[in-house]
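To keep things clear, I will list the structure first and then write my remarks on it.
Every chain is numbered from 1, with letters handed out A, B, ... down the list of sequences.
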Amino acid sequence: MADLSGVRLERVDSVQKAGELMTWLSERHETNAIGFDIETGEYLGNPTDDALSPYHGHIRLAQIGDQNTGWAIPWDEWSGVFYEAMSRWEGHIITHNIAFEAKWMGVQSRFKMPWERSHDTMIQAHIVDPLGPGALKVLTSRYVDRRAAAMQSMLDEAMAKNGWTWGTVPTTLQEYWAYGALDTVLTVRLWDKLNEDCGPGKRYAGVYDLEMAVRRVVTEMEMNGARVDVDYCERKYKELHDYSSAVKSWGDELYSEPKKKRSITSNQDLVKIFTEIGAEWLEEERTPTGQRQMNKAVLKRFINDYDGTQAAYLATQVLSMRKASKLADTYFANFMHYNVDGVLHPNIRTLAARTSRMSITNPALQTLGKGERTVRDAFIARNEDEMLISSDLDQVEFRMFASLSEDPQLIALFNKADADYAGGDPNGDSFTYIMRDLYNNPALDKKSPQRKLIKGYIYGRLYGAGVAKQALTAGVPEEQMRQVAEAFDRNYPGAKQFTQKVEDSGMRRFREEGQGYILTKTGRRLPCDEGKGYTLVNYMIQGGAAEVFKQNLLKLDAAGLTDYLVVPVHDEIVMSIPKAEAPEIMAQVKECMTTREGWAVPLTAGCDGPAERWGDLID
DNA sequence: CTCTTTGGCGCG
DNA sequence: AAAGCGCGCCAAAGAG
């Protein structure tokens with residue numbers, strides 16, 4: 001393993017240097033690969049957060065390099081050299097976090113990533129070790145040269161000493177441009193290393209192909225963005241903010257003492273206040289650190305238990321204040337903050353979660369309230385000719401569990417429910433059929449109270465909950481839930497056998513390989529934490545569902561629908577589509593979102609809309 | 001002053 | 001024998 005001591009780093013600052021770069025580029029490169037990276041910054045005087053947004057910041061350096069040589073190209077003066085080099089280069093292009101480079105290039109340059117020959121070592125690293133580090137320096141320290149991490153500190157020191165930011169650090173500063181140029185060298189070397197597992201024909205080749213293709217589609221989605229009704233956001237923000245401020249002032253004033261200010265936004269203060277006015281906590285209402293809980297469940301209990309008293313009234317006020325400020329501050333304020341000409345361009349990470357699920361930040365579009373439509377009503381179609389639709393997978397995790405369990409009875413019930421539903425039976429529903437089977441009572445229907453119990457049991461089970469927790473969540477006596485659990489295991493023994501098999505193989509792998517894990521259908525390895533083998537069943541299902549959803553995104557892409565994609569929400573895709581073609585496109589979307597091959601219980605999907613606002617599409 | 005942790009709450 | 005899984009954002013409070 002070669003170390004980094006012989007590396008040559010150059011900065012383009014003259015026509016001659018530009019010529020040298022072109023000569024270097026035309027020479028033979030070890031694995032027909034060059035690394036590619038950019039450095040970006042905020043505009044002078046703007047928030048430093050802008051440095052990471054292609055909609056607010058600007059490119060300062062572009063860097064390319066191979067295993068031994070790195071070049072830094074100051075963007076303002078020499079971007080022409082970069083374009084010329086990239087137009088000549090026909091080999092592999094290696095990045096570390098292609099989501100970043102591709103989006104910046106897409107928004108701010110005329111160079112578009114050639115995805116079919118582009119690679120991402122961050123994606124590779126996550127596939128090889130889902131719990132490992134993602135940072136380039138840490139990864140190269142681990143896989144290439146121990147000293148790589150140390151080299152970053154020189155730049156950190158120089159920037160701290162001079163008070164520079166990513167927007168103001170001079171591109172002539174050696175620590176800065178050399179740091180940038182070195183990144184490309186590290187990236188190529190890391191790629192060589194990670195290709196041992198992710199390269200063509202290797203164990204993770206299929207998973208890697210899937211992730212790279214998904215990354216391309218999702219980057220398109222980020223650039224498409226989600227349009228919001230900004231006037232509506234401003235109106236709602238003010239309304240909700242004013243309301244929560246008024247409640248806060250009322251409570252703070254009422255419950256402060258002459259010498260001691262107290263606030264109803266402070267949970268510590270609230271505990272004191274509620275105690276004074278006679279409310280009491282139950283034994284189990286404690287946080288993990290032993291403090292008395294002051295959450296929604298406790299407040300709701302106060303409202304019930306102390307009906308007609310001051311405690312109940314205060315609890316009601318606190319709940320509605322919290323609700324209003326949550327909506328105002330977490331949602332509407334961020335919609336106003338992040339929109340660019342009325343469009344949100346969130347960051348969508350395709351491998352954020354250990355199970356390979358996606359996550360969305362700035363703003364967090366996967367967590368919009370759906371209890372009522374206020375928040376989702378902020379979202380409108382991209383333009384006047386389009387409307388919103390949403391396609392959801394039907395109980396995908398439960399269907400997956402049924403298929404994986406290979407339990408013939410469970411699978412048959414599911415398929416019967418599907419067939420009957422298709423035949424027009426409103427009770428054609430898996431939970432209802434399982435309920436009838438477990439209670440041995442065919443007269444029960446979708447509205448029977450037992451259905452909630454069954455559903456609670458099943459989802460609790462998919463997440464690895466014990467009977468006590470399942471009973472608590474469903475709000476029924478433990479004994480009642482225990483009987484459901486026993487009946488379920490009796491009627492569908494495959495479920496328990498599957499769970500057992502997953503945990504046993506996890507234990508065996510822990511003993512033999514030092515880590516418990518499962519392999520998904522596509523060969524992705526998902527490890528669990530030590531001593532928590534019971535989580536593996538959930539990882540199998542959650543990770544499997546995430547992969548199916550990703551494959552569905554690729555089907556939508558192959559059908560030519562990428563331009564219409566707006567937001568992915570784990571098992572749901574929101575799209576903005578032309579009104580004129582809505583029926584045809586919706587049929588196409590439903591087809592793309594459905595998977596029959598490979599699953600004993602088909603993974604079906606519905607499609608709702610078209611609608612003016614996302615709020616119209618709630619359930 | 002900034003950074004981290006905790007508790008709470010939104011989602012699948 | 002028993003174990004609730006995965007995320008992101010905000011306010012408050014503690015730590016440095």
Each base of DNA chain C marked ( ) or [ ] if paired in-strand (Watson-Crick or G-U under 3.5 Å), | if paired to another strand and . if unpaired gives ....||||||||||||
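- The interatomic distance linking Glu503(A) (CD) with dG4(C) (P) rounds to 13 Å, in whole Å.
- OP1 or OP2 of dG6(C) lies within a sub-4.0 Å distance of a side-chain N or O belonging to Arg354(A).
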N/O contacts under 3.5 Å, protein versus nucleotides 13-16 of chain C?
unit_1	atom_1	unit_2	atom_2	d
dA13(C)	OP1	Ser266(A)	OG	2.8

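- Here Asp429(A) pairs with Arg451(A) in a salt bridge; the nearest charged N to carboxylate O distance falls below 4.0 Å.
- Ring to ring, Trp599(A) and Phe401(A) are not that close: their centroids are 6.0 angstrom or more apart.
- Taking the ring axis of Tyr232(A) as reference, the NZ or CZ atom of Arg613(A) stays within 45° of it and closer than 6.0 Å to the ring centre.
- For Thr361(A) and dG8(C), the shortest distance from a side-chain N or O to OP1 or OP2 is not below 4.0 Å.
- The ring of Tyr237(A) has its center no closer than 6.0 angstrom to the ring center of Tyr331(A).
- Going from atom CE of Met400(A) over to atom C1' of dG6(C) covers 15 Å, rounded to whole Å.
- Rounded to a whole Å, the CE atom of Met321(A) is 9 Å from the P atom of dA12(C).
- Side-chain to base pairing of Gln542(A) with dC5(C): one donor and one acceptor N or O lie within less than 3.5 Å of each other.
- Across the interface with DNA chain C, nearest-nucleotide mapping of His570(A) and Gly531(A) shows Gly531(A) to be the residue nearer the 5′ end.
- As a whole-Å value, the separation of Glu478(A) CD from dA3(C) C1' is 14 Å.
- Each salt bridge (Lys or Arg N to Asp or Glu O under 4.0 Å) pair with one or both residues in residues 391-405 of chain A, not counting sequence neighbours, appears once here: Arg357(A)-Glu397(A), Arg399(A)-Asp418(A).
- Under the side-chain hydrogen bond (donor to acceptor under 3.5 Å, both in side chains) criterion, Glu486(A) pairs with Arg482(A), not counting sequence neighbours.
- Residue Tyr459(A) places none of its side-chain N or O atoms closer than 4.0 Å to OP1 or OP2 of dC5(C).
- The nearest heavy atom of DNA chain C to Val467(A) and to Tyr539(A) marks one nucleotide each, and the one closer to the 5' end goes with Val467(A).
- Put simply, Lys532(A) has a side-chain N or O that comes within less than 4.0 Å of OP1 or OP2 on dC5(C).
- dC11(B) and dG4(C) have their C1' atoms separated by 16 Å, given to the nearest Å.
- Note on Asn334(A): a side-chain N or O is less than 4.0 Å away from OP1 or OP2 of dC10(C).
- When DNA chain B is scanned 5' to 3' for any atom under 4.0 Å from a heavy atom of chain A, the first and last hits are dT6(B) to dG12(B).
- Between Glu503(A) and Arg508(A) there is no salt bridge, since no side-chain N of the basic residue sits under 4.0 Å from a carboxylate O of the acidic one.
- No salt bridge links Asp129(A) with Arg525(A); every basic N to acidic carboxylate O contact stays at or beyond 4.0 Å.
- A salt bridge does not link Glu547(A) with Lys521(A): every distance from a Lys NZ or Arg NE/NH1/NH2 to an Asp or Glu carboxylate oxygen is 4.0 Å or more.
- Listed by chain and number, the residues in a side-chain contact (heavy atoms from CB on, under 4.5 Å) with Arg322(A) are Asn267(A), Leu270(A), Met294(A), Leu299(A), Val318(A) (sequence neighbours excluded).
- Salt bridge status for Lys496(A) with Asp407(A): absent, with no side-chain N to carboxylate O gap under 4.0 Å.
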* Evaluate the side-chain contact (heavy atoms from CB on, under 4.5 Å) criterion for residues Gln497(A) and Tyr492(A): first the C-alpha distance (whole Å), next the side-chain angles of each, then the deciding distance (0.1 Å), finally the verdict. => CA-CA 9 Å; Gln497(A) 286 159 17; Tyr492(A) 320 117; over 6 Å; no
